[in-house]
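One structure below.
What you see below is based on every heavy atom in this structure, not just the backbone, and it leaves out hydrogens, waters and symmetry mates. Sequential numbering from 1 along the given sequence is applied to the chain's residues.
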Amino acid sequence: MGWSARQWLAMTPETTYGVYNTTGTQMWVRLTDNNAFTVRPKPLVATIRSADGGNRRRQRVSSREAVSGTLNTLFYPSQAPAMLSWGVNLNNYTLQSYTIDHFDSVRVRRYLGCLVKTMTIGCAAAKNDGIATLSFEILGQQPASPDPTLAEPLPTAFPTESPYTHQQSAGLVSIGGTRTKYRSIELKVKNLLIPTWDETTFPSAIYWGGRDVDWSVSVQYVSTIDRANFESQTPLPCSIGWSQQTPAHSASFNFAATNFIGSLTDDLPLDGAGYETLLMQTFYDNTAATDLILTAT
C-alpha cells in the first residue's frame, strides 16, 4: 500500500525543450498539502455514436494524450528566483521548461517539457498565520519511458528558511502610491500555451501565445480614491513585493504604469471594518516595453 506522506518531487531546468538535462541542477519542492501534485498523462478521447446502436455510445477512439495538472507549494524565498521565473520570464517569447520527477509513494514518473499555464501567489493576514502560497497549473509535453529512479532526498535538500508571509509585503504594495491596511493579496499570471499535436500522440511543441496579468488586493475602505479611479478608469503605476531580512531575500513584481481597476467590490459588514477588493488588470506599457518585470533575489 502506498503511503501518500512518502512523496518527493524534483524539478530540473531543460536546455532543450522536452529533453531531460542530465547536467542540470535539481530543485526539490516541498509538498505540504493533500494532492499537492496532480500532473498525470490524460488520454484525449472521442466517442462515436451511431444508428446501429440506437444513438448510443458504440466506439471510443483515443489517439492523443495530454500531460497536465497542478503543483501547490509554499512561497519560499530561496526558491523564488527559479519558481517565479518559470511562470513569468520570457526568452525570445519562450518560457523556461522543466523536467519534473515525482515519486507518488508507489511509482516514479518523469514529465518532460513542463510549462506554466497559470501561476498564482496568494497570502492573507488571517489565513494560516499569513503564510504565502504558490500554485502552478502545468502543461507538459510527455512522460518519459521507461520510468526513472528517484532516490529519497536528504532533509537538507529542501528550503530551511520560513516561507514569505503577508506581513513581509508591508511597504511593498503600491497602487498609484504605497498602500497600508490591506488584508489579502493574490497575483495570477495566465500564459496562453498552444500545443501542437501534429502527427504525434503527444504535443510536438507547446508555444507561448501571450498572457494576462491580474492581481487583487483587499484594502480597508478609508478613502474614495479607489472608487474614483475605478469609475474614471484611470491608468495607475503599480507594484507588489515581499522581503525577508534573515536570510536576506526579496521578490517584487513591477506592473509598470498602465494598470486599471477592472472591478471593485465593497464588503461593508455591520460589525467590523469595511473593505474594498480591487481587481487590478495589467496592460502592456509602452515606456517599459512590457507588462511585468520580475526581480527576485
Side-chain angles (χ1 to χ4, degrees), residues 2 4 7-14 16-21 24 26-47 60-74 79 82-90 93-122 133-148 150 186-214:
S4 296
Q7 292 187 65
W8 43 85
L9 183 148
M11 299 173 53
T12 305
E14 298 176 348
T16 301
Y17 178 72
V19 177
Y20 177 63
N21 181 9
Q26 288 182 322
M27 178 172 61
W28 294 91
V29 179
R30 178 168 281 132
L31 305 176
T32 60
D33 295 329
N34 295 336
N35 304 307
F37 184 71
T38 66
V39 172
R40 303 288 189 278
K42 301 172 178 65
L44 304 177
V45 300
T47 298
R60 169 168 285 188
V61 178
S62 178
S63 60
R64 298 185 300 160
E65 290 191 49
V67 173
S68 63
T70 57
L71 169 62
N72 299 316
T73 186
L74 302 180
Q79 292 185 338
M83 297 291 273
L84 301 181
S85 180
W86 185 31
V88 171
N89 284 347
L90 296 167
Y93 297 103
T94 302
L95 290 167
Q96 172 68 56
S97 62
Y98 273 80
T99 294
I100 299 179
D101 292 328
H102 178 227
F103 174 62
D104 65 3
S105 77
V106 175
R107 179 184 184 184
V108 176
R109 298 203 77 174
R110 170 170 289 168
Y111 303 103
L112 302 168
C114 291
L115 298 170
V116 174
K117 187 175 181 180
T118 303
M119 181 183 78
T120 304
I121 303 172
T133 59
L134 194 54
S135 178
F136 300 94
E137 184 180 355
I138 296 167
L139 194 60
Q141 185 189 37
Q142 62 183 332
S145 181
D147 293 339
L150 188 66
E186 183 178 85
L187 167 64
K188 195 177 292 288
V189 178
K190 299 179 181 178
N191 293 303
L192 175 60
L193 300 183
I194 307 168
T196 55
W197 270 275
D198 298 323
E199 74 284 2
T200 54
T201 299
F202 291 96
S204 56
I206 302 177
Y207 296 100
W208 185 86
R211 71 182 176 199
D212 288 338
V213 178
D214 299 301

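Side-chain atoms of S97 and E14 include a donor-acceptor pair closer than 3.5 Å. With no hydrogens or angles considered, a side-chain donor-acceptor pair links K188 and T120 at under 3.5 Å. When only modelled atom types and interatomic distance are considered, T12 and N21 share no side-chain donor-acceptor pair under 3.5 Å. Looking only at atom types and distance, the side chain of T196 has a donor-acceptor partner in the side chain of S204 under 3.5 Å away.
Note: F202 and W197 fail the aromatic proximity criterion, with ring centroids not under 6.0 Å apart.
No donor-acceptor pair under 3.5 Å is formed between the side chain of Q142 and the backbone N or O of A66. The backbone N or O of L150 sits less than 3.5 Å from a side-chain atom of W8, completing a donor-acceptor pair.
Side chains of R109 and D104 form no contact here, defined as non-hydrogen atoms less than 4.5 Å apart. Between W208 and L90 the shortest side-chain heavy-atom distance falls below 4.5 Å. Looking only at side-chain heavy atoms (C-beta outward), I206 and L95 stay at 4.5 Å or farther from each other. For the pair Y17 and L115, the minimum side-chain heavy-atom distance is below 4.5 Å. In this structure, L31 and T73 have side chains that are not in contact, with every pair of non-hydrogen atoms separated by 4.5 Å or more.
For the residue pair G18 and Q141, the shortest heavy atom distance occurs at CA-OE1, 3.3 Å. Between P143 and V67, the closest heavy-atom pair is CD-CG2, 3.8 Å. Minimum interatomic distance between V116 and N191 (heavy atoms only, all atoms of both residues): O-ND2, 3.0 Å. When all heavy atoms are compared, the tightest approach of G87 to M119 is CA-SD, 4.2 Å. Here the closest non-hydrogen pair linking K42 and G69 is NZ-N, 4.3 Å. Among all heavy-atom pairs drawn from Y98 and A82, the shortest one is OH-CB, 3.8 Å.
Between atom NE2 of residue H102 and atom CE of residue M11 there is a gap of 13.0 Å, rounded to the nearest 0.5 Å. Rounded to the nearest 0.5 angstrom, M27 CE and I100 CD1 are separated by 9.0 Å. Between the CZ atom in R64 and the CG atom in L44 there is a gap of 5.0 Å [rounded to 0.5 Å]. To the nearest 0.5 Å, the span separating CG on L187 from CG on L84 amounts to 9.0 Å. For the atom pair CG (L9) and CD (Q7), the distance works out to 8.5 Å, reported to the nearest 0.5 Å. In this structure, OH in Y111 is found 5.0 Å from CZ in R40, a value given to the nearest 0.5 Å.
Ion pairing of R110 with D101 is present here, as a side-chain N (NZ or NE/NH1/NH2) and a carboxylate O approach within less than 4.0 Å.
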Practice task
May I have the step-by-step check of side-chain hydrogen bond (donor to acceptor under 3.5 Å, both in side chains) for T70 and T38, ending in yes or no?
Solution key: CA-CA 5 Å; T70 57; T38 66; 3.0 Å; yes

Exercise for the section: Mind running side-chain contact (heavy atoms from CB on, under 4.5 Å) on F136 and V29 for me, showing each step along the way? Expected result: CA-CA 12 Å; F136 300 94; V29 179; over 6 Å; no

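The number of heavy atoms from other shown groups lying within 6.0 Å of CG (D198) is above 12.
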